[in-house]
Amino acid sequence: MLENIWFPTDKVFINGEWVAPHDGQTLDLLNPSDNTPLAKIARGSAADIDAAVSAAQGALEGEWGRTTALERGRILTRLGDLIKTRIDDLGVIEAHDVGKPLTQARNDAIAMARYMEFYGGAADKVHGETIPYMDGYTVYTLREPHGVTGHIVPWNYPMQIIGRSVGAALAMGNACVLKPAEEACLTALAFAALAEEAGLPKGALNVVPGIGAEAGAALSGHSGIQHISFTGSVGVGEMIQGAAATNVIPVTLELGGKSPQVVFDDADLDAALPFLVGACIQNAGQTCSASSRVLIQRGVYEKLLARMGDSYSGMMVGKAMDDVNVGPLISARQKEIVDGFLAQGADLRLVAQGTIIDGTPDGGNYVVPTLFADVPPDHVLAQKEIFGPVQVVIPFEDEAEAIAIANGTDFGLVASVWTRDGARQMRMAKALKAGQVFINNYGAGGGVELPFGGYGKSGHGREKGFEALYGFSVVKTVAAYHG
Ligand code: NAD
């Protein structure tokens with residue numbers, strides 16, 4: 001067992017207690033860097049989800065339901081401060097659990113603390129409004145929590161996704177049931193331990209690790225929840241939305257993308273280059289907002305492509321704790337999926353690939369970063385979310401063609417445009433179908449404050465910023481007639 005782990009790993013966290021899962025079953029977590037066992041985790045079942053939902057309901061009827069917005073904010077702020085004291089531990093744990101290079105794992109811990117800081121500060125700043133109405137009336141709105149909120153989280157950015165989703169839900173006074181991914185859930189348990197230390201009342205946060213089709217399905221279909229938030233694959237997102245429809249509850253879906261960066265001839269190529277490559281390669285390409293497509297105008301196409309190729313050739317792959325550019329993929333299954341996509345690219349123009357460094361274990365899930373060029377916009381590699389370190393480059397002639405290609409997938413999560421032409425920046429920002437459009441940058445430093453979410457099959461609902469607080473609350477209109 002990693003010495004950085006200070007909380008029980010094989011328990012569920014329900015009503016402020018660490019308890020064995022109802023069925024007594026556990027699962028093995030593997031370290032993606034070498035596929036050796038890392039820890040045993042609870043295999044939560046429908047019975048554990050029932051208990052967690054009951055605990056959350058109890059919290060709403062009890063101390064948590066009476067906690068003021070100011071105090072909720074203070075608890076979250078304390079939680080953020082506690083996370084900051086554990087950045088080293090959380091970074092090492094996440095590096096071993098997810099396989100992401102240590103610096104990237106630490107940055108996720110810093111981001112989780114930042115979410116608590118932001119939502120802690122915002123908790124008492126979401127207000128209703130008064131509405132001028134007919135003579136004799138006073139009308140105002142109240143923003144109330146939904147009640148019990150379900151949070152199904154993937155393995156790629158556990159800390160960031162828990163931060164943005166659970167942080168916003170708690171800020172608004174919801175009680176949460178969190179089902180982390182079976183591939184990586186240790187920092188979700190760490191979050192629960194720190195929330196307890198921060199003084200979060202019992203039952204306000206419950207964590208039930210387990211398999212998607214078991215604990216996840218039990219949570220998304222539970223009649224005792226009033227909102228479900230899901231980040232993951234399109235297929236599972238469709239099922240979650242179906243389950244939510246059965247209970248007629250709102251759902252937030254964040255389902256990934258095929259996000260383009262569009263580079264015009266007049267762009268500052270020196271400024272663009274690190275973003276073009278980095279926005280795809282981060283976390284070995286396993287990022288919902290990965291920029292897996294780069295569209296380059298013909299005038300600078302070969303020149304920029306050569307520079308991107310140099311970046312790829314210099315890319316180092318190794319164990320998470322080696323902390324080089326790229327770590328392993330999460331699982332052997334994910335490697336198989338990505339290798340399958342690479343095989344489908346055999347007919348494409350291969351520009352460059354990275355290198356696996358000496359000393360990297362044979363048993364890990366490693367895929368070298370790979371850059372393809374001249375990729376037809378309708379090619380499978382230019383259409384499907386690969387979720388690996390694979391990037392495709394597509395040439396274009398003019399603005400109209402760039403827009404058609406950029407918008408020509410099922411997805412619409414993030415996009416960016418690189419140009420010095422101010423009018424074109426504005427036209428492109430309007431034309432691109434994406435929840436976030438960046439001009440002469442990409443990703444904007446994580447953007448805790450910036451609303452984030454999809455068009456099309458990237459999902460719906462908005463997370464991050466104040467939009468998440470609106471999403472995790474419901475408006476009640478009060479119309480008082482006083483004559
Ligand atoms: P997934 O959608 O299966 O898993 C995400 C979460 O959903 C996990 O917590 C999982 O336990 C849970 N889940 C799975 N089946 C469920 C069900 N029937 N009911 C309720 N919850 C369920 O994703 P995956 O299998 O881990 O990855 C497959 C693909 O999904 C990847 O290749 C990638 O394309 C995509 N993905 C996207 C994101 C993202 O951030 N958008 C994250 C992870 C995976």
Side-chain angles (χ1 to χ4, degrees), residues 27 29 32 41-46 49 97-100 108 150-162 164-166 177-188 207-222 225 228-244 246 251-259 282-290 292 329-341 365 367 380-381 383-390 409-414 435 452-454 456-461 463-464:
L27 297 165
L29 269 190
I41 58 159
R43 179 174 179 165
S45 64
I49 293 292
D97 203 3
V98 177
K100 64 177 68 185
D108 285 2
H151 305 259
I152 299 181
V153 166
W155 41 261
N156 56 341
Y157 286 84
M159 287 193 276
Q160 293 214 34
I161 296 171
I162 290 168
R164 77 187 188 202
S165 162
V166 175
V177 178
L178 166 62
K179 207 299 282 173
E182 51 271 52
E183 295 86 351
C185 68
L186 294 179
T187 50
V207 184
V208 181
I211 290 175
E214 298 173 1
L219 178 58
S220 58
H222 203 289
I225 63 169
I228 181 101
S229 138
F230 170 77
T231 304
S233 60
V234 175
V236 176
E238 287 170 1
M239 284 195 276
I240 303 272
Q241 181 151 352
T246 309
V251 53
T252 303
L253 297 180
E254 202 271 88
L255 308 178
K258 196 71 189 170
S259 299
Q282 182 178 328
N283 198 28
Q286 304 166 116
T287 305
C288 47
S289 55
S292 49
L329 301 187
I330 184 72
S331 61
R333 174 173 158 253
Q334 192 65 22
K335 175 173 159 55
E336 208 177 298
I337 293 172
V338 176
D339 283 343
F341 277 114
N365 315 312
V367 173
V380 63
L381 267 64
Q383 287 290 322
K384 298 283 180 206
E385 184 177 47
I386 297 173
F387 238 56
V390 182
T409 72
D410 289 342
F411 298 103
L413 193 57
V414 176
F452 176 75
K457 290 205 170 170
S458 289
H460 51 77
E463 300 187 282
K464 304 190 179 186

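Read the numbers this way: they start at 1 and go in the same order the structure lists the ligands and their atoms. The residues of the chain are indexed from 1 along the displayed sequence. A quick note: this is a predicted structure, and the numbers were derived from the prediction, not measured.
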K.L.:
Where is the nearest protein heavy atom to atom 29 (C) of ligand 1: which residue, which atom, and how far?
P.N.:
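Going by distance alone, atom 29 (C) of ligand 1 is nearest to Ser233 CB, 3.9 Å.
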K.L.:
Is there a polar contact between ligand 1 and Arg333, counting only N or O atoms under 3.5 Å apart?
P.N.:
yes
K.L.:
Would Gln286 count as a contact of ligand 1 if the rule is a heavy atom under 4.0 Å away?
P.N.:
no
K.L.:
For atom 34 (O) of ligand 1, which of Glu385, Glu182, Glu214 has the closest heavy atom?
P.N.:
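Looking at heavy atoms only, the winner is Glu385.
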K.L.:
Under 4.0 Å, heavy-atom basis, I'd like to know which part of Gln160 is in contact with ligand 1: side chain, backbone, both or neither.
P.N.:
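No part of Gln160 comes within reach of ligand 1.
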K.L.:
Looking only at protein heavy atoms, which one is nearest to atom 18 (N) of ligand 1, and how far off is it?
P.N.:
Met239 CE, 3.6 Å
K.L.:
Nearest non-hydrogen atom to atom 36 (N) of ligand 1 belongs to which of Phe341, Phe411, Phe387?
P.N.:
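Among Phe341, Phe411, Phe387, the closest heavy atom to atom 36 (N) of ligand 1 comes from Phe387.
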K.L.:
Can you tell me which residue and heavy atom of the protein come closest to atom 42 (C) of ligand 1, and the distance to 0.1 Å?
P.N.:
Pro154 CB, 3.4 Å
K.L.:
Is Thr287 reaching over with its side chain to a backbone N or O of Ser289, donor-acceptor style, under 3.5 angstrom?
P.N.:
no
K.L.:
Partners of Thr187 by side chain to side chain donor-acceptor pair (under 3.5 Å), sequence neighbours excluded?
P.N.:
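Counting only residues at least two positions away or on another chain, Thr187 forms a side chain to side chain donor-acceptor pair (under 3.5 Å) with Glu94.
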K.L.:
Can you check which of Cys185, Gly216, Ala181 brings a heavy atom nearest to atom 20 (C) of ligand 1?
P.N.:
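Result: the heavy atom closest to atom 20 (C) of ligand 1 is in Gly216.
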K.L.:
Rounded to the nearest 0.5 Å, what separation is found between the CD1 atom of Ile152 and the OG1 atom of Thr252?
P.N.:
12.0 Å
K.L.:
Of all the non-hydrogen atoms in the protein, which one sits nearest to atom 12 (C) of ligand 1, and at what distance?
P.N.:
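Minimum-distance protein heavy atom for atom 12 (C) of ligand 1 reads Ile152 CG2, 3.6 Å.
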K.L.:
With distance as the sole test, does Lys179 use its side chain to make a donor-acceptor pair with the main-chain N or O of Ala218 at under 3.5 Å?
P.N.:
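No, because the side chain of Lys179 does not come within donor-acceptor range (under 3.5 Å) of the backbone of Ala218.
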K.L.:
From atom 5 (C) of ligand 1, work out which of Leu253, Val236, Thr231 has a heavy atom at the shortest distance.
P.N.:
Thr231
K.L.:
Considering only non-hydrogen protein atoms, determine which one is nearest to atom 24 (P) of ligand 1 and report residue, atom name and distance to 0.1 Å.
P.N.:
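Protein heavy atom at minimum distance: Trp155 NE1, 3.7 Å.
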K.L.:
Give yes or no for whether the N/O distance cutoff of 3.5 Å, strictly under, is met between Gly256 and ligand 1.
P.N.:
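Yes, since at least one N or O of Gly256 sits under 3.5 Å from an N or O of ligand 1.
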K.L.:
In terms of atom number and element, which parts of ligand 1 are under 4.0 angstrom from non-hydrogen atoms of Glu254?
P.N.:
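This gives 41 (N) as the contact atoms.
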K.L.:
What are the atoms of ligand 1, with element, lying closer than 4.0 Å to any heavy atom of Ala217?
P.N.:
19 (N), 20 (C)
K.L.:
State the CD-CZ distance between Glu463 and Arg164, to the nearest 0.5 angstrom.
P.N.:
4.0 Å
K.L.:
Distance to 0.1 Å, residue and atom name: give those for the protein heavy atom nearest to atom 17 (C) of ligand 1.
P.N.:
Gly212 O, 3.4 Å
K.L.:
Will you find, in the side chains of Gln286 and Asn156, an N or O donor that is under 3.5 Å from an N or O acceptor?
P.N.:
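Checked: Gln286/Asn156 side chains show no N/O donor-acceptor pair below 3.5 Å.
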K.L.:
Examine distances only and state if a side-chain atom of Asn283 and a backbone atom of Lys100 form a donor-acceptor pair shorter than 3.5 Å.
P.N.:
no
K.L.:
Is the contact between Val153 and ligand 1 made by the side chain, the backbone, both, or neither, using heavy atoms and a 4.0 Å cut-off?
P.N.:
backbone
K.L.:
One residue to check: Leu255. Relative to ligand 1, which of side chain, backbone, both or neither has a non-hydrogen atom less than 4.0 Å away?
P.N.:
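For Leu255, the contact with ligand 1 is made by the backbone alone.
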K.L.:
Donor-acceptor pair, Ser458 side chain versus Gly256 backbone, under 3.5 Å?
P.N.:
yes
K.L.:
Can you tell me how far CZ of Phe411 sits from NZ of Lys384, rounded to the nearest 0.5 angstrom?
P.N.:
7.0 Å
K.L.:
Starting from atom 7 (O) of ligand 1, find the nearest protein heavy-atom neighbour and note its residue, name and distance.
P.N.:
Phe230 CE1, 3.2 Å
K.L.:
Charged N to carboxylate O below 4.0 Å: is that the case for Lys258 and Glu385?
P.N.:
no
K.L.:
Using atom types as modelled and distance alone, determine if a side-chain donor or acceptor of Lys457 lies under 3.5 Å from a backbone N or O of Leu255.
P.N.:
no
K.L.:
Check side chain to side chain donor-acceptor pair (under 3.5 Å) between Ser229 and all other residues, then give those that pass, not counting sequence neighbours.
P.N.:
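If we apply the side chain to side chain donor-acceptor pair (under 3.5 Å) test to Ser229, skipping adjacent residues, the hits are Ser165.
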K.L.:
Among all the protein's non-hydrogen atoms, which is closest to atom 39 (C) of ligand 1, and how far away is it?
P.N.:
Cys288 CB, 3.5 Å
